[in-house]
Visitor: 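Have a look at this one.
Just so you know, these numbers come straight off a predicted model, no measurement behind them. Any value given below was found using the heavy atoms of this structure, including those in side chains, with hydrogens, waters and symmetry copies removed.
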2 protein chains.
Amino acid sequence: MIESHLLKLRARFPISEEEEAAIRAVVTEERHYRADKTIVRAGEVLGYSTLLLDGLLSRYKDLRDGGRQITELHVAGDFADMHAYTLRHLDHAVMTLSPCRIGIARHEDLRALFAAHPRLHDIYWFFTNVDASIDREWTLSLGRRDARGRVAHLFCELGVRLGLVGMSDETGYDLALTQIDIAECLGLTSVHVNRVLKELRESGIVEFRGGRVEILDRRALEAAAEFDPAYLYLTGPKG
Amino acid sequence: MIESHLLKLRARFPISEEEEAAIRAVVTEERHYRADKTIVRAGEVLGYSTLLLDGLLSRYKDLRDGGRQITELHVAGDFADMHAYTLRHLDHAVMTLSPCRIGIARHEDLRALFAAHPRLHDIYWFFTNVDASIDREWTLSLGRRDARGRVAHLFCELGVRLGLVGMSDETGYDLALTQIDIAECLGLTSVHVNRVLKELRESGIVEFRGGRVEILDRRALEAAAEFDPAYLYLTGPKG
DNA sequence: CGGCCGGTTGAGTGCTATCAAGCTGCGTGG
DNA sequence: CCACGCAGCTTGATAGCACTCAACCGGCCG
């Protein structure tokens, strides 16, 4: 059930069988949600964190005029809101973008886990710091990359992150996003996203259609994005 | 020496005298830097984290074309890179924007601190999560606020954060930023920042001149920013 | 006194938004 | 089985916010 999560952990840290068992024991419940459902509201006091087992989740914030910004996407294996363990309530909401399977880890159980396994305490801290790093990279995109670079960068990032859990390969990956979702990630309008996708497709760089990203020219894609995966900390703190 | 930091901690959590002593013992060295000096380079392996005692620090990332994005500002009392404790090296650089006094906390000493005081382990995790929350709010600004809203929001945020350590009041605060720095925070050019500052000044909302922010009409400023300080988690996890 | 950094202002450009219309695919209900 | 409705995609025309280029100013420092 939490295989993706273990893949993600082990991409950076060795995890012993005992630790694995302890982690498995913390995820006590599985829930299923349909697409486009807000599963955590901003400000709501939380007694648990949610581990995404399958599907696509977003963190988002709204402005009064209806503007919405997605601040991070989560793929299978990610804790969407481990930071709620220390923050208690969130400054953002969490919603499904596709049908999702979600595991629940109660904070009291996490507390016991960290007390028994101090190393896991630092490891989960590490992963919230990687989330923050991803956020910084998005800040860079929104502040300094043009629309083409932002789209290209998003496709690069998701390719790597999905690859960690075995859900992408050299040719591409499935991605259950609408053009509207992409616009909300990148601080653009869906109309403009549409035009950029068209241009990337016609340039033979990348094609996004029918919920699938086909990478036609990886080198050109990464160049357009100025992509450097260092910010994903793929090698763990020792690398 | 770390009074600002203790103010910041105690704004959210009660800290016992014993904990305070343990924290003081971890900050083993004080360094002084002039303005505009990069004190941590991206990718450099770090054995310590830096506590800003006085001055203004920025985290920033560069693109090849010379574009620079500041992803967060740090004021007195902030750990600028506590996340290096788990990440070991950073995806961004850290530079001074004004002359700075900095305290050094070695990671081995932090490790011992957290082992002896598990509560502080979670508290420092909490603060890296607040940093991430600030980053999300910046992402929202860059993605969905116009230039006027971004400038107004930055001034609101810094007013609150400096207020926590006694460095701002109702009328305003000192802020050693250039218009270029502000532009690098907000994903704008300095020319456009200049025009927006002029407009805010002439509207009687806020005046930024000579390294000082004078808040002329707080209500209008917060309205322009659509500012809600909830994302700063001022009340701690219990509030 | 000269150089330089930061700030200011003007003119013109361009990237992205806005507004609008039509298309496509799919689920639903008659 | 087909009509309908709706969400998402596509494309065109127009508008505007912020950028670029450029010139000049003022203060500070060597």
Side-chain angles (χ1 to χ4, degrees), chain A residues 34-37 56 58 63 65-70 95-99 141-154 175-202 206-214 224, chain B residues 34-37 56 58 63 65-70 95-99 141-154 175-202 206-214 224:
Chain A
R34 64 174 191 277
D36 296 314
K37 180 155 171 47
L56 211 50
S58 66
L63 288 178
D65 68 2
R68 169 172 295 183
Q69 182 63 42
I70 294 176
M95 79 176 283
T96 59
L97 296 177
S98 73
S141 265
L142 292 177
R144 295 294 171 209
R145 279 188 254 257
D146 63 14
R148 186 166 176 273
R150 290 183 213 177
V151 171
H153 196 276
L154 181 67
L175 184 68
L177 288 180
T178 65
Q179 294 182 1
I180 296 169
D181 297 329
I182 293 175
E184 291 177 351
C185 289
L186 301 180
L188 301 168
T189 60
S190 65
V191 173
H192 197 58
V193 167
N194 180 281
R195 293 191 222 274
V196 170
L197 288 174
K198 180 183 178 186
E199 195 255 307
L200 288 171
R201 186 187 328 127
E202 292 179 347
V206 65
E207 180 159 354
F208 178 64
R209 287 182 103 80
R212 180 161 177 87
V213 175
E214 291 288 347
Chain B
R34 63 172 193 279
D36 295 314
K37 181 156 171 44
L56 211 49
S58 67
L63 287 180
D65 68 1
R68 167 172 296 182
Q69 181 64 41
I70 294 176
M95 78 177 283
T96 58
L97 297 177
S98 72
S141 265
L142 292 178
R144 295 295 170 206
R145 279 189 254 256
D146 64 12
R148 185 165 176 275
R150 290 184 213 178
V151 171
H153 195 276
L154 181 65
L175 184 67
L177 287 181
T178 65
Q179 293 182 0
I180 296 169
D181 296 329
I182 293 175
E184 289 177 352
C185 289
L186 301 181
L188 301 168
T189 59
S190 64
V191 172
H192 197 57
V193 167
N194 180 281
R195 294 190 223 273
V196 171
L197 288 174
K198 179 182 178 185
E199 195 255 304
L200 289 171
R201 187 190 325 131
E202 291 179 346
V206 64
E207 180 158 353
F208 177 64
R209 288 183 101 83
R212 180 160 179 90
V213 175
E214 291 288 348

Visitor: Could you check how far CG of A/D65 sits from C1' of C/dA17, rounded to whole Å?
Guide: 13 Å
Visitor: Please state how far atom CG in A/L142 lies from atom P in C/dT16, giving the value in whole angstrom units.
Guide: 12 Å
Visitor: Round to the nearest Å and state the distance from B/R212 atom CZ to C/dG7 atom C1'.
Guide: 20 Å
Visitor: Applying side chain to side chain contact (heavy atoms under 4.5 Å, CB included), run through A/L63 and A/R68 and close with a yes or a no.
Guide: CA-CA 6 Å; A/L63 288 178; A/R68 169 172 295 183; over 6 Å; no
Visitor: As an exercise, state the distance from CD1 of B/I70 to CZ of A/R144, rounded to the nearest 0.5 Å.
Guide: 9.0 Å
Visitor: Listed by chain and number, what are the salt bridge (Lys or Arg N to Asp or Glu O under 4.0 Å) partners of B/R212, not counting sequence neighbours?
Guide: B/D174, B/E214
Visitor: Distance check, rounded to the nearest 0.5 Å: A/L97 atom CG versus A/M95 atom CE?
Guide: 6.0 Å
Visitor: Without decimals, in angstroms, what is the distance between B/D146 CG and C/dT18 P?
Guide: 11 Å
Visitor: To the nearest angstrom, how far is B/I180 atom CD1 from D/dC19 atom P?
Guide: 14 Å
Visitor: For A/R209 and for A/R144, locate the closest nucleotide of DNA chain D by heavy-atom distance; then report the residue assigned to the nucleotide nearer the 5' terminus.
Guide: A/R209
Visitor: On the nucleotide D/dT10, are OP1 or OP2 found under 4.0 Å from the side-chain N or O atoms that A/K198 carries?
Guide: no
Visitor: Before giving the answer on side chain to side chain contact (heavy atoms under 4.5 Å, CB included), spell out for B/H153 and B/R148 the whole-Å C-alpha distance, their side-chain angles and the decisive distance to 0.1 Å.
Guide: CA-CA 9 Å; B/H153 195 276; B/R148 185 165 176 275; over 6 Å; no
Visitor: With a 4.0 Å cutoff (strictly under), does any side-chain N or O of A/Q179 reach OP1 or OP2 of D/dT10?
Guide: yes
Visitor: How close or far is atom C1' of D/dT11 from atom CD of A/E199, stated in whole angstroms?
Guide: 16 Å
Visitor: Begin with the C-alpha distance, continue with both residues' side-chain angles, and end with the deciding distance and a verdict on side chain to side chain contact (heavy atoms under 4.5 Å, CB included) for B/V193 and B/L197.
Guide: CA-CA 6 Å; B/V193 167; B/L197 288 174; 3.8 Å; yes
Visitor: Which of these nucleotides, C/dG6, C/dT16, C/dT8, is closest to any side-chain atom of B/R201?
Guide: C/dT8
Visitor: May I have the distance from A/E202 (atom CD) to D/dT10 (atom P), rounded to whole angstrom?
Guide: 11 Å
Visitor: Measure from CZ on B/R150 to P on D/dA18 and round the result to the nearest Å.
Guide: 7 Å
Visitor: With side chain to side chain contact (heavy atoms under 4.5 Å, CB included) as the criterion, how do A/V151 and A/V206 come out once you've worked through the C-alpha distance, each side chain's angles and the decisive distance to 0.1 Å?
Guide: CA-CA 10 Å; A/V151 171; A/V206 65; 5.7 Å; no
Visitor: Please list, by residue number, the residues of residues 186-195 of chain A whose heavy atoms come closer than 4.0 Å to an atom of DNA chain C; answer none if no residue qualifies.
Guide: A/G187, A/L188, A/T189, A/V191, A/H192, A/R195
